[in-house]
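Below is one structure, written out as structure tokens, with a few remarks after it.
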Amino acid sequence: MAEPSSAALDALRAQIDEVDQEMLALLQRRLKLVGEVGTIKHREGVPIYAPKREASMLAKRRAEAEAMGVPPQLIEDLLRRIMRESYVSEKDVGFKRVHDTLGPIVIVGGGGKLGGLFAQLFTLSGYEVRVLEQNDWDRADALLADAGMVVISVPIDKTCEVIERLPPLPEECLLVDLTSIKQAPLAAMLKAHPGPVLGLHPMFGPDVSSLAKQVVVVCHGRGEEHYQWLLKQIAIWGARLHEAPASEHDQAMQLVQAMRHFTAFVYGLHLKREHADIEQLLQFSSPIYRLELAMVGRLFAQSPSLYADIIFAQPDALARARHYLDRYQEALALLEAGDKVGFEALFDDVAQWFGDFAQQFRVESANMLMAANDSRSG
Ligand SMILES: NC(=O)C1=CN([C@@H]2O[C@H](COP(=O)(O)OP(=O)(O)OC[C@H]3O[C@@H](n4cnc5c(N)ncnc54)[C@H](O)[C@@H]3O)[C@@H](O)[C@H]2O)C=CC1
Ligand SMILES: O=C(O)C(=O)Cc1ccc(O)cc1
């Protein structure tokens with residue numbers, strides 16, 4: 001159906017086009033200024049993400065918008081999207097190199113997805129990066145002889161054996177891993193290398209466009225004074241560092257990762273076994289179900305071995321999965337008994353437990369759903 005038009009409408013649309021073009025010109029000007037900020041940040045080693053500056057700038061713009069009769073959320077949404085662009089483009093100028101005298105960085109598994117991302121970030125920060133891949137072990141001694149830092153980024157189930165296989169490293173060399181679990185790799189690194197050791201877990205996949213606001217979990221190993229520079233470097237890339245003991249990290253990952261991926265896996269399996277028609281589901285989707293399908297489908301677009309390792313590497317995840325089944329059965333029993341009152345009582349109980357977070361998550365998810373809806377076309 002042709003979209004309706006009239007002379008009056010056309011005239012207004014022409015004015016709107018003009019305003020949009022003015023916005024475009026303003027955006028161009030803003031991006032140029034942001035580029036200049038990026039150059040200064042690069043020179044001075046200022047993190048690309050400045051939370052305080054961002055929060056105070058948004059608060060001011062919201063207040064100004066309100067005074068002008070513009071919805072404050074509109075300017076906030078626009079500015080957040082524009083700032084994301086800036087974070088991505090700040091990467092183009094590179095990053096300040098924090099450690100001037102560090103020897104070459106050897107990334108074991110650097111040909112893989114996450115190792116590749118870190119290789120790129122270190123290279124953009126001016127370090128010499130070498131990759132030690134599966135077939136490079138015959139020249140490992142030469143690659144590692146003058147290493148300033150060795151980063152382990154191999155599949156989870158290979159991590160400890162790869163650490164044990166390392167030849168003796170230079171005394172001052174920093175040994176770091178990026179594994180999704182932390183206790184076993186950290187213990188293996190501390191055993192294999194008497195020098196500085198650090199466990200890191202980037203809480204994001206290799207497809208992020210920038211590290212701005214991404215979380216990296218830091219599990220201290222040994223010789224913190226020798227790796228403070230690395231934490232500073234990661235902060236310059238824009239990430240937020242969250243320090244935690246390896247045991248606490250692994251415990252949290254049972255829910256954040258193992259259980260989350262396991263339940264998504266089971267849901268995907270269920271859809272397949274039920275012969276669900278994804279096209280049809282998409283046609284019938286509410287915004288929240290569209291997001292759910294995207295989250296579950298996303299899992300199956302990634303590496304089966306990564307997620308199998310994450311789920312299987314956590315010995316306690318099995319107990320948690322069993323508990324989950326118990327809860328499923330508990331809820332199913334209410335359904336089977338037609339006990340709607342019991343269901344609502346349990347619902348209330350859980351809602352009480354979520355407390356203020358329930359409302360916070362409702363607001364947060366509403367914003368996500370609006371953004372997801374905006375990106376729909378047709
Ligand atoms: N992909 C992701 O989203 C994330 C991955 N991680 C962690 O990063 C690590 C690597 O994961 P991905 O990059 O996804 O896997 P990947 O499979 O893409 O990369 C692993 C690399 O290790 C190499 N490799 C395997 N055995 C080796 C050996 N014996 N010696 C040297 N290299 C060897 C492989 O050839 C491959 O290039 C894992 O520990 C994972 O838990 C952490 C956070 C996110
Ligand atoms: O991008 C996704 O869907 C992820 O789940 C990324 C991811 C994978 C493994 C990790 O240890 C941390 C993050």
Side-chain angles (χ1 to χ4, degrees), residues 1-5 9 12-24 26-28 30-31 49 51 54-55 57-59 61-66 68-89 203-215 238 256 260-261 263-268 270-272 274 276-302 347 350-351 354 356-378:
M1 202 173 71
E3 294 183 5
S5 175
L9 209 52
L12 285 171
R13 282 179 173 161
Q15 288 186 57
I16 290 175
D17 285 348
E18 252 176 58
V19 172
D20 287 351
Q21 282 156 353
E22 281 172 35
M23 282 204 295
L24 209 52
L26 287 172
L27 272 178
Q28 186 189 39
R30 194 184 192 285
L31 286 170
Y49 170 48
E54 187 176 302
M57 189 261 265
L58 286 175
R61 293 301 90 82
R62 282 186 71 103
E64 288 158 5
E66 201 142 21
M68 292 166 76
V70 173
Q73 194 56 43
L74 176 59
I75 189 68
E76 177 166 346
D77 286 355
L78 282 172
L79 284 172
R80 283 191 186 281
R81 176 63 190 86
I82 293 168
M83 284 188 289
R84 161 143 65 89
E85 210 58 31
S86 316
Y87 296 138
V88 176
S89 66
M203 294 307 306
F204 47 84
D207 56 355
V208 292
S209 50
S210 102
L211 258 56
K213 306 181 190 188
Q214 300 289 353
V215 172
V256 175
R260 195 258 151 193
H261 300 315
T263 50
F265 169 81
V266 174
Y267 191 63
H270 179 66
L271 288 179
K272 180 191 180 296
E274 293 291 305
D277 176 346
I278 296 183
E279 275 301 340
Q280 187 200 41
L281 293 179
L282 285 173
Q283 295 303 326
F284 282 113
S285 284
S286 60
I288 190 75
Y289 187 69
R290 181 72 184 76
L291 212 55
E292 166 132 2
L293 263 188
M295 293 303 120
V296 173
R298 174 183 174 80
L299 179 75
F300 294 96
Q302 299 178 65
F347 195 111
V350 179
F354 264 92
D356 292 343
F357 283 117
Q359 191 52 30
Q360 180 188 321
F361 292 150
R362 186 172 166 174
V363 172
E364 247 179 59
S365 59
N367 287 334
M368 288 179 199
L369 294 177
M370 276 190 284
N373 208 41
D374 289 345
S375 64
R376 277 186 177 184
S377 58

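What you see below is based on every heavy atom in this structure, not just the backbone, and it leaves out hydrogens, waters and symmetry mates.
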Please report the closest heavy-atom contact between [X] and [Y], naming both atoms and the distance.
{"X": "H261", "Y": "L299", "result": "O-CD2, 3.7 Å"}
{"X": "V88", "Y": "S209", "result": "CG2-OG, 3.5 Å"}
{"X": "Y87", "Y": "S210", "result": "CB-OG, 3.7 Å"}

Exercise. Going through the checks in order, is the salt bridge (Lys or Arg N to Asp or Glu O under 4.0 Å) test met by D374 and R81?
Worked result: CA-CA 13 Å; D374 289 345; R81 176 63 190 86; over 6 Å; no
Problem set entry | Check: Q15 and L12 side chains under 4.5 Å, non-hydrogen atoms |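 Yes, their side chains come closer than 4.5 Å.
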For this session: Could I get the full list of side chain to side chain contact (heavy atoms under 4.5 Å, CB included) partners for V215, not counting sequence neighbours?
Result: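 So V215 forms a side chain to side chain contact (heavy atoms under 4.5 Å, CB included) with M203, V217, R240, H242.
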For this session: Carefully, step by step, assess R290 and N373 under the rule side chain to side chain contact (heavy atoms under 4.5 Å, CB included).
Result: CA-CA 9 Å; R290 181 72 184 76; N373 208 41; over 6 Å; no
Problem set entry | Verdict with supporting geometry, E76 and N367, side chain to side chain contact (heavy atoms under 4.5 Å, CB included) | CA-CA 11 Å; E76 177 166 346; N367 287 334; over 6 Å; no
Problem set entry | Nearest-0.5 Å distance, CG of residue L293 to OH of residue Y267 | 6.5 Å
Problem set entry | Gap between atom CG of L26 and atom CZ of R30 - 0.5 Å precision |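 These two atoms lie 10.5 Å from each other.
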Exercise. Would you say F354 has more than 12 foreign heavy atoms packed within less than 6.0 Å of its CZ?
Worked result: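 Counting neighbours around CZ of F354, 12 or fewer heavy atoms of other residues, nucleotides or ligands fall under 6.0 Å, so no.
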Problem set entry | Heavy atoms from other residues, nucleotides or ligands near CG of D356 exceed 12 (cutoff 6.0 Å) |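 At most 12 heavy atoms, drawn from other residues, nucleotides or ligands, come within 6.0 Å of this atom.
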Problem set entry | Cationic N near anionic O, under 4.0 Å, E54 to K213 | yes
